[in-house]
Amino acid sequence: MTQPTILFLDIDGVLTMMDCPDLPMERVGGIHCRPVPMANALLKAIQYEYMSLNIDPVWLTSWDKGAQIWNERAGTHHWTVAYHLTDKGKYEASAVFPDMTQEKTDKKLIAARYYLWRTYSDEKRVAWIEDGFAPETVAWANERNNKIAETILIDTTKEPIRSDLLSTYEDYEQAAKTFMGRYVL
């Protein structure tokens, strides 16, 4: 069985890539975007293949609760949304992590740490799929790897990850499973 894993998932730069004019433009939740070919298959693989293996998907995206439209598009259940923090969440996060609020820390990192703390998941393995990471996020992941639990940052601006997301496949379900096995598990 797979080690319990929190999977933080972004949308822009992961499930949709506006810098790729070859991808068809689509309206998702009222927003024009260019979904990657395996977007639906990836969400389905996470839902139907990997949740049973202790993977807990969490939206960490500027789409906020609008991210759940991607669940509807793919035919999956709505997943928890960890970003943006509510006013109460911001207040609690500043009390729990005062060192992070005194500097210009990446807001998604604060939301990720707050989510892990709030859900008693801080000792769980973390995989985070994002299009680039702030230096403090990389430092946090390295520190977690050394002291707490495995933390994998999957940067979709890097090859071959980007190409894997942008490629076309005969079997998208299998491609999504391969992607998850290669980068998340």
Side-chain angles (χ1 to χ4, degrees), residues 1-17 35-36 38-64 67-68 70-71 74 76-85 97 100 105-167 172-185:
M1 181 174 262
T2 304
Q3 185 179 5
T5 300
I6 302 296
L7 173 61
F8 290 122
L9 187 62
D10 187 21
I11 293 173
D12 295 324
V14 177
L15 297 180
T16 176
M17 295 192 186
V36 299
M38 81 160 69
N40 284 349
L42 185 59
L43 299 182
K44 285 179 183 179
I46 292 166
Q47 175 81 37
Y48 299 114
E49 299 290 327
Y50 295 99
M51 284 179 79
S52 63
L53 297 176
N54 282 329
I55 292 189
D56 183 16
V58 178
W59 289 116
L60 200 63
T61 173
S62 62
W63 285 59
D64 202 20
Q68 294 172 338
W70 286 87
N71 294 120
T76 62
H77 301 293
H78 286 188
W79 299 340
T80 302
V81 175
Y83 182 79
H84 294 96
L85 291 178
F97 308 111
M100 295 185 70
T105 303
D106 177 37
K107 302 298 184 233
K108 284 188 180 179
L109 175 58
I110 294 169
R113 289 190 63 193
Y114 177 70
Y115 177 84
L116 294 171
W117 172 82
R118 184 176 54 82
T119 60
Y120 306 101
S121 301
D122 202 38
E123 293 186 12
K124 288 185 179 177
R125 180 179 182 270
V126 168
W128 184 345
I129 306 175
E130 179 82 47
D131 58 323
F133 293 94
E136 62 268 24
T137 302
V138 173
W140 169 79
N142 289 335
E143 183 178 336
R144 269 189 111 247
N145 278 327
N146 291 331
K147 295 180 182 177
I148 300 171
E150 182 179 25
T151 305
I152 302 168
L153 301 180
I154 303 148
D155 186 345
T156 63
T157 66
K158 307 288 187 203
E159 291 297 341
I161 299 166
R162 182 176 168 87
S163 293
D164 287 349
L165 287 170
L166 289 170
S167 293
Y172 283 102
E173 288 78 22
Q174 185 58 48
K177 291 176 191 176
T178 300
F179 182 91
M180 289 292 293
R182 183 176 295 152
Y183 301 114
V184 176
L185 300 179

Any non-hydrogen side-chain atom of [X] less than 4.5 Å from a side-chain atom of [Y]?
X	Y	result
T5	L185	no
Y83	V58	no
F8	I129	no

Q | Partners meeting salt bridge (charged side-chain N to carboxylate O under 4.0 Å, His left out) with R118 (sequence neighbours left out) | A |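 So R118 forms no salt bridge (charged side-chain N to carboxylate O under 4.0 Å, His left out) with any residue.
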Q.
So, using salt bridge (charged side-chain N to carboxylate O under 4.0 Å, His left out) as the criterion, who are the partners of K108 when residues are at least two apart?
A.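 Here the qualifying residues are D10, E130.
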Measuring from atom [atom1] of [X] to atom [atom2] of [Y], what distance do you get when rounded to the nearest 0.5 angstrom?
X	Y	atom1	atom2	answer
I161	E159	CD1	CD	9.0 Å
D56	I46	CG	CD1	11.0 Å
I11	M17	CD1	CE	13.0 Å
L165	T16	CG	OG1	11.0 Å
N145	L153	CG	CG	8.0 Å
E173	N40	CD	CG	9.5 Å

Who passes side chain to side chain contact (heavy atoms under 4.5 Å, CB included) against [X], sequence neighbours left out?
X	result
H78	Q68, N71, E72
A134	D106, E136, T137
A176	M38, A41, L42, A45
E123	I148

Over all atoms of both residues, closest heavy-atom pair of [X] and [Y]:
X	Y	result
W59	L15	CH2-CD1, 3.8 Å
G132	T157	N-CG2, 4.1 Å
A74	L43	CB-CB, 3.8 Å

**Q.** Residue pairs involving residues 133-159 (criterion ring pair (Phe, Tyr, Trp, His ring centres under 6.0 Å); sequence neighbours excluded)
**A.**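 The answer is W128-F133.
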Q. Strictly under 6.0 Å, is that where the ring centroids of W63 and W70 end up?
A.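 For W63 and W70, the ring centres are under 6.0 Å apart.
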Residues that [X] engages under side chain to side chain donor-acceptor pair (under 3.5 Å), provided they are two or more places apart:
X	answer
Y172	none
K44	none
R113	none
S62	none

Q | Set of ring pair (Phe, Tyr, Trp, His ring centres under 6.0 Å) partners for Y183, sequence neighbours left out | A |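 Here the qualifying residues are F179.
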Would a distance-only check, ignoring hydrogens and angles, find a side-chain to backbone donor-acceptor pair under 3.5 Å from [X] to [Y]?
X	Y	result
D131	T156	no
E143	K147	no
T119	Y115	yes

Q.
Evaluate L9 against T61 for side chain to side chain contact (heavy atoms under 4.5 Å, CB included), listing each step before the verdict.
A. CA-CA 7 Å; L9 187 62; T61 173; over 6 Å; no
Q.
Exactly one of R144, R125, K124 should register a side-chain hydrogen bond (donor to acceptor under 3.5 Å, both in side chains) with T151. Which one does?
A.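 Among R144, R125, K124, the one that satisfies the side-chain hydrogen bond (donor to acceptor under 3.5 Å, both in side chains) with T151 is R144.
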